[in-house]
Amino acid sequence: MLYKKRTHTCGDLRASHVGQSVTLTGWVDTRRDLGGVIFIDLRDRYGKTQVVFNPKHSEAIHTLAKELRTEFVISVSGYVEKRPDGTDNSKLLTGAIDVLADDLTILNKAETTPFPIDDKIETNEDLRLKYRYLDLRREPMQKNLLLRHTMYQITRRYFDEHSFVEIETPVLMKSTPEGARDFLVPSRINPGKFYALPQSPQTYKQILMVAGYDRYFQIVKCFRDEDLRADRQLEFTQIDVEMSFVDESDIQTIVEGLMQRFMKEIKGIDVAVPFPRLTYKDAMEGYGSDKPDLRFDLKCADFSTLVKESGFKVFTENVKKGGVVAGFAVPGGAAYTRNQMDNLVDFTKSLGVGGLAYIKLTEKGIESAIEKFLGNDVCMKICEAAGAKVGDNVLIVADNWQKTYTTLGTLRLEIAKRMNLIDDNKWNLHWVVDFPMFDYSEEEKRHVAMHHPFTAPNPEDAHLLDGDATKARARAYDLVMNGNEIAGGSIRIHDSSLQSKVFGLLGIGPEEAKMKFGFMLDAFRYGAPPHGGIAFGFDRIAMLFAGAKSIRDVIAFPKTSSGVSLMDDNPSTVDTKQLDELHIKLK
RNA sequence: GGGGUCGUAGCUCAGUUUGGUUAGAGCGCUUGCCUGUCACGCAAGAAGUCGCGAGUUCGAGUCUCGUCGGCCCCGCCA
């Protein structure tokens with residue numbers, strides 16, 4: 001099709017262009033047909049420009065323009081004219097001028113869209129996802145994708161400046177035990193064998209260290225076949241980093257530098273480094289989370305010793321079993337009605353604990369259903385320990401250490417949301433360090449790596465690997481921004497005998513270790529430098545900078561929480577012929 | 001695997017508590033009028049598988065059961 005190509009974008013024209021003959025291309029954003037004269041706002045990703053069709057100027061073009069409808073794609077030519085006095089539109093950057101049309105080509109018509117191409121988001125998300133190309137036409141979404149673009153550029157520039165090498169690693173890799181469920185890819189050429197999509201390029205980047213590329217980075221897609229969340233997709237993007245001859249502080253310094261630059265170039269905010277460090281234990285016992293949001297207070301306190309001799313069986317028996325009784329004070333929470341408290345108790349129970357106890361501290365003193373068990377004195381001591389003031393309400397959970405604190409952590413966030421305690425203009429960045437090496441998995445009846453199996457133990461705790469391994473701390477660190485884990489990494493094991501030992505603790509015997517990770521153990525025998533690294537959750541950072549509620553809003557083509565892409569109806573069934581070639585038979 | 005919540009016109013929603021007239025509103029859409037609008041205005045009109053399927057009932061958008069889908073959370077996510 002022949003048509004005039006644009007001379008300017010829809011965001012270009014200013015008063016200085018008045019008198020010029022121009023051509024614009026784009027989508028009809030809105031039309032205002034006044035009968036005699038027709039106005040349209042023409043939109044492309046650079047902006048909007050008002051085009052005027054006036055029969056006095058061109059009768060034929062004005063007649064053709066009557067056909068224009070929203071989202072038609074056109075090429076329009078005309079003269080840039082200064083708008084008549086008093087008709088400027090200060091909402092548009094191009095609002096001082098309009099284009100008086102004398103030529104028009106309708107490049108493509110458009111059906112009425114299923115939802116308006118509008119800045120306001122009030123359309124259901126499933127509809128937006130089904131018609132993603134329309135959703136992505138909206139300015140807020142274009143801004144989000146441009147933000148991502150900026151982040152890619154900042155990242156590449158930053159790491160290049162610091163002598164990092166960008167290296168691509170395979171997408172078809174070896175399936176490894178441990179960690180998230182792999183996405184498997186059958187091999188046609190090797191019947192019965194499978195590749196896996198990377199949960200992360202972990203093994204490759206460590207081997208690159210052995211190969212001498214002592215500063216590596218990559219912006220890379222990772223895949224985990226786990227349930228989705230607002231901040232979790234099946235496929236997501238990491239900034240993957242690995243460095244040799246370093247310790248924790250070297251990695252953290254590099255990370256802090258990148259975050260500083262992101263904050264400066266994207267948000268215009270100077271952040272101080274180094275970021276505060278918080279131990280895993282303090283994070284959990286203080287805020288009930290290994291990624292606490294420190295933009296607000298609500299700090300937890302341990303009441304176990306206060307209540308262990310009390311008459312309240314739920315508490316005493318829990319403490320006797322080695323559990324914890326803990327909680328935090330809600331400022332002004334004594335004003336909660338019975339209904340609000342019932343609601344909060346139900347919410348807490350839905351998290352999988354027995355219940356939620358509470359003590360209101362009012363001007364009249366203690367108000368609590370458990371006062372008759374604990375006694376006034378203990379209740380007062382609990383209030384004191386929680387730092388409660390008159391008018392506050394101390395929420396208390398009793399269960400094992402893990403359950404108590406994670407429940408309090410979830411509760412803490414819920415309270416903060418309900419009471420509007422979170423200042424959206426605040427940016428809180430901090431490290432969480434001293435993670436345990438291992439978690440005990442009830443399900444699998446064995447230790448599992450808290451970070452991953454290549455994480456080095458804290459040298460001070462190395463002896464614990466032969467004893468109570470669960471007490472051993474790892475050289476792992478997470479970066480937390482506004483309550484979101486946005487990066488996590490560790491110093492790695494670079495010694496094959498220590499690596500074998502850790503595999504053993506994870507229940508991976510020598511045979512299995514050789515089969516699954518033999519290549520790595522081999523590599524470590526040929527001069528592996530001390531090394532460590534980190535990986536950023538790119539989508540999460542983009543989400544936070546965009547002020548979005550979900551990473552779906554910063555991903556061009558995301559999947560629903562059931563892992564479906566509504567636009568292209570994916571995943572879908574395949575032909576038997578395809579399965580045959582892959583030597584696969586469906587159950 | 002579990003809990004919560006939502007599903008009514010193209011879109012956003014009201015109506016469901018207490019079953020009962022022809023299922024409404026705003027926006028959008030179509031048509032007509034309108035020469036400086038920019039949320040254009042005015043007038044008229046079209047538009048519904050009340051997610052789907054059973055059941056209860058004289059009668060179901062409304063009640064019951066099941067099911068599908070979106071979103072949030074727990075588990076899971078080294």
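Just so we're on the same page: letters track the sequence lines, and every chain starts at 1. Quick note: numbers below take in every heavy atom, side chains included, and nothing from hydrogens, waters or symmetry partners.
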The nucleotide from B:rG70, B:rU31, B:rC72 with an atom nearest the side chain of A:Ala230 is B:rC72

| Given B:rC11, is OP1 or OP2 found less than 4.0 Å from the side-chain N or O atoms of A:Thr123? | no

Does a side-chain N or O from A:Ser562 land closer than 4.0 Å to OP1 or OP2 of B:rG69, or not? no

| said: Heavy-atom count check: over 12 atoms from other residues, nucleotides or ligands less than 6.0 Å from A:Phe183 CZ? | reply: yes

- Task: May I ask you to evaluate whether A:Arg32 reaches the phosphate of B:rU37, defined as a side-chain N or O under 4.0 Å from OP1 or OP2?
- Result: no

Rounding to an integer number of angstrom, what distance separates B:rG28 and B:rC38 when you compare their P atoms? 13 Å

Atom CZ of A:Phe53 and atom P of B:rG36 are separated, to the nearest Å, by 17 Å

Say you pick atom P in B:rA47 and the same atom in B:rG3; how far apart are they, in whole Å? 43 Å

- Is there a side-chain contact between A:Phe454 and A:Thr203, using heavy atoms and a 4.5 Å cut-off? yes

Less than 3.5 Å apart, which donor and acceptor atoms pair up between the side chains of residues 87-98 of chain A and the rest of the protein, not counting sequence neighbours?
{"from": "A:Thr87", "atom 1": "OG1", "to": "A:Pro84", "atom 2": "O", "distance (Å)": "2.6"}
{"from": "A:Asn89", "atom 1": "OD1", "to": "A:Lys91", "atom 2": "N", "distance (Å)": "2.9"}
{"from": "A:Thr94", "atom 1": "OG1", "to": "A:Lys48", "atom 2": "O", "distance (Å)": "2.5"}

Does a side-chain N or O from A:Lys91 land closer than 4.0 Å to OP1 or OP2 of B:rA39, or not?
-> yes

Testing B:rG36, B:rC29, B:rC71 for proximity to the side chain of A:Thr70, the answer is B:rC29

**Item:** A:Arg412 to A:Phe296, cation-pi by 6.0 Å centre distance and 45° axis angle
**Value:** yes

Of the listed B:rG75, B:rG36, B:rC29, the closest approach to the A:Arg232 side chain comes from B:rG75

By side chain to side chain donor-acceptor pair (under 3.5 Å), A:Gln252 pairs with (sequence neighbours left out) A:Arg277

To the nearest angstrom, the CG-C1' distance between A:Asp225 and B:rC77 comes to 11 Å

Among the nucleotides B:rC71, B:rC34, B:rG75, whichever has the atom closest to the side chain of A:Leu129 is B:rC71

At less than 4.0 Å, is any side-chain N or O atom of A:Arg69 found next to OP1 or OP2 of B:rU30? Yes or no. yes

Next on the checklist: Between A:Arg229 and B:rC74, is there a contact of a side-chain N or O with OP1 or OP2 at under 4.0 Å?
Outcome noted: yes

field: B:rC11 base stacked by A:Phe115 (centroids within less than 5.5 Å, tilt under 30°)
entry: no

inquiry  = Please confirm whether the shortest side-chain N or O distance from A:Asn124 to OP1 or OP2 of B:rU12 is below 4.0 Å.
reply    = yes

